[in-house]
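Notes follow once the structure below has been shown.
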Number of protein chains: 2
Amino acid sequence: MARGFCHRHGNERPCSCSMGNIYRYVEPVTLYLLKLKGRAYGYELGNYLREHALTDSEVDRAALYRTLRQLETNGFVTSEWDIGGGGPARRLYALTQAGMDHLAEWLVVLRQMAGAMHRFVDDADKLIEGDTKDLQTTASVENE
Amino acid sequence: MARGFCHRHGNERPCSCSMGNIYRYVEPVTLYLLKLKGRAYGYELGNYLREHALTDSEVDRAALYRTLRQLETNGFVTSEWDIGGGGPARRLYALTQAGMDHLAEWLVVLRQMAGAMHRFVDDADKLIEGDTKDLQTTASVENE
DNA sequence: CTATGTAGATGTTATTTGCATATATTATCA
DNA sequence: TGATAATATATGCAAATAACATCTACATAG
């Protein structure tokens, strides 16, 4: 639980990397990407994962592969080998109906969390108004 | 990573308890409560923690105590024993300036995360429109 | 004196993650 | 041809976290 600025993402603003480990929400984002792409393999999904990430923390490829296997165990995705294309064999994943429903469940949870987080930040902002230096302003000035 | 409805919080809606373990954000909420209450002891904070929680998951008292000690180690709070009042001795905590700044850092991070989460949910909602049963509607109907 | 509630702390175990590494196939280029 | 780079999946292990149970200690009600 070090201080908020991390070496990976620079010093413009506090970064979730350095606020203690925050879950990376690999599962919902993976389900979403699978729905978006129709069918895809792990390595490919790994390339889209970052731009849809919910935190600053990058998702480890190992975590993604493990998540996909777990999702399959739970019946949320199916997979089959794709030997055809160039390069090493790929395990093609696709969402099941259960997976679609599970994504919908995640959305209910995440909407709730986003709301709670937003309210918390607003409340806290009102509370500390003036008592701390404005981090964003300070940082953007430092960056000129 | 069981399905989304949990035994602790009933069946009205999917619950973060059952979506795999999601961090409980004990640290920022603790910092916020300390700022709000001025000075307080762990057991007391434990009673307010739930209503300010960012997830459905309840916070373990042990986790709260450990977080407070950790915050002290990092210089974000100070503590002293309060022997005076009836009952067992209480360890009274108070925020330091560094703790205030750290809370401000958390707010930057959480605001960012809340935004990302909100956008994610909106995007995904558009994507799955119609493909899944509407969980909230279904649940509220089931509950009549 | 026992039970209960308050208050804080610790130990054990399980899960999750990050990092390093293994393995295999194809592509590229000298 | 041989070296090596890129693609693709997977596993082992250490460290961090979390849940749950347990423990000490004090006060008060009955």
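The shown structure was predicted, so the numbers you read here are calculated from the model rather than taken from an experiment. Throughout, protein chains are lettered first and strands after them, A, B, ... in sequence-line order, and every chain is numbered starting at 1.
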**OP:** To the nearest Å, give me how far apart CG (A/L49) and P (C/dT17) are.
**Re:** 12 Å
Original post:
Starting at CZ of B/R69 and ending at C1' of C/dA9, how long is that distance when rounded to a whole Å?
Top reply: 7 Å
Can you tell me if the side-chain N/O atoms of [X] get under 4.0 Å from OP1 or OP2 in [N]?
X: A/Y43; N: D/dT9; answer: no
X: A/R91; N: D/dA10; answer: yes
X: A/Y65; N: D/dT9; answer: yes

[X], nearest nucleotide to its side chain (from [options]):
X: B/D60; options: D/dC20, D/dT7, C/dA7; answer: D/dC20
X: A/P88; options: D/dA10, C/dA24, C/dT6; answer: C/dA24
X: A/A62; options: C/dG8, D/dA19, C/dC19; answer: C/dC19

Subject >> B/E72 versus B/S79, side-chain donor and acceptor atoms under 3.5 Å >> reply: yes
Original post:
Between B/D60 and B/R66, is there a side-chain N and carboxylate O pair less than 4.0 Å apart?
Top reply: no
**OP:** Check the angle between the aromatic planes of B/H102 and B/F76 and answer parallel, tilted or perpendicular using the 30° and 60° thresholds.
**Re:** parallel
Original post:
So what is the end-to-end bend of the helix from C/dC1-D/dG30 to C/dA30-D/dT1, with 5 pairs used at each end and the value given to 10 degrees?
Top reply: 10°
**OP:** Check if the side chain of A/R66 and the base of C/dG18 share a donor-acceptor pair of N or O atoms closer than 3.5 Å.
**Re:** yes
Original post:
For A/A63 and A/G87, take the nucleotide of DNA chain C holding the closest heavy atom to each; which residue's nucleotide lies nearer the 5' end?
Top reply: A/A63
Subject >> Close aromatic pair by centroid cut-off 6.0 Å: A/F120 and B/H52 >> reply: no
Original post:
When rounded to the nearest 0.5 angstrom, what is the spacing between CD in B/Q70 and OG1 in B/T30?
Top reply: 11.5 Å
Subject >> Sole candidate of A/R39, A/R90, A/R91 that passes salt bridge (Lys or Arg N to Asp or Glu O under 4.0 Å) when paired with A/E80 >> reply: A/R39
